[in-house]
Amino acid sequence: MLNIFLNLEKDTIKEYKLQEQIVISKKIESYNYQIKNPTINSLLLKSTISDIEFNPSGLSLSVLGIPSKFTNIYIDGNEIIGRKFETIDILTIPFNSIRDVKFEGLNVYLKTTDDNNFRSFLKSNGGYGTNLSYGNKKTKFNISISKDIYSYIKNYSFYNCFNFNNFYFSYVYNQKTTPFDEIFSDFRTIFSFYKLNFQFYKHFYNFRNKNINYNEEFFLKFQNEYKNVKKNYYFKINYGFYNDYLRGNNVVSDVNFLRLLASFEFYKNFLIRLNFENLEPSFNFEYRNLKLFFISRYPSAKELFMKFYYPEMGYMVVGNSKLKNEKLIGVNFSFWNFLLNYSKIFNYIGFYNLGYQNNLILWTYENLENIEIYSISFEENFYFKEFMIKLSFFIGKTPVDIPPYKFNLNLNYKNFEIEFWSKGKTQLIPNLYSVDLAMKTKLITLKINDLLDKTSSVNLPYFTGRTFTIIFEKNFKN
């Protein structure tokens with residue numbers, strides 16, 4: 001994965017000599033994708049490398065057509081926990097504070113701004129938000145508050161973050177409300193100090209002023225490593241553990257998972273990485289434009305022990321303690337700006353209908369059929385004088401809830417931008433396309449999303465139709 005060593009170890013890289021930094025920076029640059037100033041639209045609708053997946057309590061992010069349960073998301077180097085239906089609800093992520101997204105394999109790295117910056121936005125559909133980031137090389141403070149409207153979903157978010165040397169603390173509160181008297185509330189706290197990482201996550205589902213479901217998750221992780229960096233190669237050994245404690249009225253009983261972690265990484269013209277979680281292995285091999293990977297995924301505590309009631313939608317979900325591990329094998333090959341991907345999932349865990357109970361449809365988890373995913377994607381920027389044209393597409397065989405093709409064309413001339421995107425239909429949404437406009441000045445940006453108003457008739461959440469947005473942004477010095 002592209003410079004993951006440098007990206008995640010920037011605090012320790014200073015101890016190396018210049019030539020040793022050069023050795024590490026020469027690591028294989030496999031295909032990657034980056035989004036500046038990301039929004040929900042740019043990640044879920046316009047991006048050809050990532051896409052939306054619906055679940056009963058939010059949205060999740062799939063990469064290269066691979067189901068989102070295999071997607072790992074990091075914010076400022078800290079892995080995000082707290083999965084609902086085995087996925088991370090990205091509406092609980094403070095995108096008003098995120099300035100950069102990098103996709104490296106199935107890992108998504110979010111980064112808050114390093115600049116001293118004030119930013120606010122106002123939308124014609126009633127959405128608004130503001131963000132303030134202030135600090136220097138040693139200390140950074142960030143706070144944001146926002147309200148976004150996605151079709152019939154109202155999404156409220158509050159976020160603050162404090163970073164000082166090796167100390168990091170952040171807090172997120174997110175609430176989604178629907179016209180059906182539903183309230184989804186999420187709290188996430190991240191605290192890290194050197195190699196110790198502690199997170200607390202709480203989720204509430206309130207229906208007609210009753211807490212139908214809630215869960216709390218405590219996550220403690222410790223990792224240390226030994227490195228040896230030479231002139232032409234390096235290797236490192238990483239070891240540690242994490243403890244995951246889950247309780248709530250939507251699990252059969254309190255669950256405590258203690259898992260040992262170990263990994264070995266070696267680089268000399270090629271990269272080998274071998275990870276163990278207890279005795280379950282994961283493997284990566286990278287050589288030039290070729291990447292091979294293998295992942296073995298434990299069933300989550302919710303898949304094993306959940307009991308989730310969703311009365312207004314007429315169903316309930318119960319866990320299955322007899323599930324087998326999922327195994328993902330894959331290969332990526334990149335050339336020029338094309339990426340070929342093939343993946344296969346064995347013992348895929350999905351929903352299985354058990355019939356009716358108490359007038360509710362009863363669902364559980366089962367190991368279903370194996371799933372094959374293959375695709376080709378492309379991205380390139382073309383420049384002609386003061387024009388820039390960005391072209392990207394994705395086409396392939398994907399699971400039924402992920403679009404089989406996506407297309408994006410972006411034309412940028414000075415301070416004016418016009419963008420056309422489209423995506424194929426799934427079992428939940430029809431074919432979609434949209435035209436978006438943006439006009440920028442030094443301080444003000446005006447955006448028009450879905451100029452032709454082609455998504456407002458889609459009877460699903462998170463589609464807004466034609467929306468006008470005004471953004472004010474100002475960078476300033478200490």
Side-chain angles (χ1 to χ4, degrees), residues 4 6-14 36-39 72-83 88-102 107-121 128-148 155-175 185-204 216-224 240 242-245 471-478:
I4 189 172
L6 286 177
N7 290 340
L8 301 185
E9 305 293 339
K10 61 181 181 181
D11 57 329
T12 59
I13 200 68
K14 296 177 182 177
K36 294 289 187 180
N37 297 321
T39 64
N72 300 311
I73 300 180
Y74 299 78
I75 181 168
D76 290 333
N78 293 287
E79 183 177 3
I80 295 176
I81 64 157
R83 292 176 178 253
I88 298 170
D89 181 6
I90 65 170
L91 290 181
T92 66
I93 296 173
F95 277 97
N96 195 35
S97 300
I98 303 298
R99 289 295 174 270
D100 184 75
V101 176
K102 286 185 179 180
N107 296 326
V108 181
Y109 296 96
L110 310 176
K111 191 175 185 303
T112 57
T113 179
D114 288 327
D115 299 326
N116 294 321
N117 174 277
F118 174 79
R119 186 174 187 268
S120 62
F121 69 86
Y128 59 83
T130 187
N131 177 80
L132 173 65
S133 179
Y134 185 81
N136 52 40
K137 292 182 179 180
K138 291 185 177 182
T139 306
K140 183 173 71 173
F141 173 78
N142 192 302
I143 185 170
S144 71
I145 185 171
S146 64
K147 172 188 175 184
D148 266 316
N155 186 71
Y156 304 86
S157 182
F158 173 79
Y159 168 75
N160 65 16
C161 168
F162 177 75
N163 195 349
F164 177 74
N165 286 343
N166 292 309
F167 174 83
Y168 176 92
F169 172 82
S170 68
Y171 172 82
V172 176
Y173 169 72
N174 176 266
Q175 183 183 95
S185 301
D186 297 88
F187 308 82
R188 180 181 288 113
T189 296
I190 301 176
F191 169 83
S192 65
F193 185 68
Y194 287 94
K195 303 297 181 180
L196 185 66
N197 185 299
F198 169 81
Q199 296 188 39
F200 169 70
Y201 173 77
K202 179 185 288 188
H203 169 69
F204 279 97
E216 297 176 336
E217 191 166 14
F218 301 87
F219 179 88
L220 179 65
K221 182 177 182 179
F222 170 81
Q223 281 189 293
N224 204 356
Y242 78 77
N243 189 75
D244 189 2
Y245 177 72
I471 302 171
F472 173 83
E473 185 167 10
K474 173 68 175 177
N475 291 335
F476 51 89
K477 298 180 180 180
N478 287 330

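Side-chain atoms are counted along with the backbone in the values below, which use heavy atoms only and exclude waters and symmetry mates.
- N163 places no side-chain N or O within 3.5 Å of a backbone atom of F169 that could act as its donor or acceptor partner.
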Tell me, with the steps shown, if N155 and D148 meet side chain to side chain donor-acceptor pair (under 3.5 Å). CA-CA 5 Å; N155 186 71; D148 266 316; 5.4 Å; no
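- In this structure, the salt bridge (Lys or Arg N to Asp or Glu O under 4.0 Å) partners of E216, at least two apart in sequence or on a different chain, are K202, R247.
- The only member of Y168, F167, Y171 that meets side-chain contact (heavy atoms from CB on, under 4.5 Å) when paired with F191 is F167.
- Scanning both residues, N131 and I143, for their nearest heavy atoms gives OD1-O, 3.2 Å.
- Residues passing the side-chain hydrogen bond (donor to acceptor under 3.5 Å, both in side chains) test with S157: none are found, sequence neighbours excluded.
- Contact annotation: the side chain of F218 approaches that of F198 to within less than 4.5 Å [non-hydrogen atoms, C-beta and beyond].
- The OH atom of Y242 sits 8.5 Å away from atom CD of E79, with the distance rounded to the nearest 0.5 Å.
- For the atom pair I190 CD1 and I75 CD1, the distance stands at 6.5 Å (nearest 0.5 Å).
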Evaluate side chain to side chain contact (heavy atoms under 4.5 Å, CB included) for I145 paired with Y156, printing each intermediate quantity in order. CA-CA 8 Å; I145 185 171; Y156 304 86; over 6 Å; no
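- In this structure, the separation between NZ on K102 and CG on L110 is 12.0 Å, given to the nearest 0.5 Å.
- Residues K111 and D76 form a side-chain contact, since some pair of their non-hydrogen atoms from C-beta on lies under 4.5 Å apart.
- Here the straight-line distance linking atom CD of Q199 with atom CG of N197 works out to 5.0 Å at 0.5 Å rounding.
- The ring-ring contact (aromatic ring centres under 6.0 Å, His included) test with F187 singles out one residue from F200, F158, Y159, Y173, and that residue is Y173.
- Between V172 and D186, the closest side-chain pair of non-hydrogen atoms is not below 4.5 Å.
- Atom CG of N136 sits about 9.0 Å away from atom CZ of F164, to the nearest 0.5 Å.
- Residues Y201 and H203 are in side-chain contact: their nearest non-hydrogen atoms beyond the backbone lie under 4.5 Å apart.
- Among residues two or more places apart in sequence or in another chain, the side-chain hydrogen bond (donor to acceptor under 3.5 Å, both in side chains) test is passed with N142 by S97.
- Here the straight-line distance linking atom CG of L220 with atom CG of L196 works out to 5.5 Å at 0.5 Å rounding.
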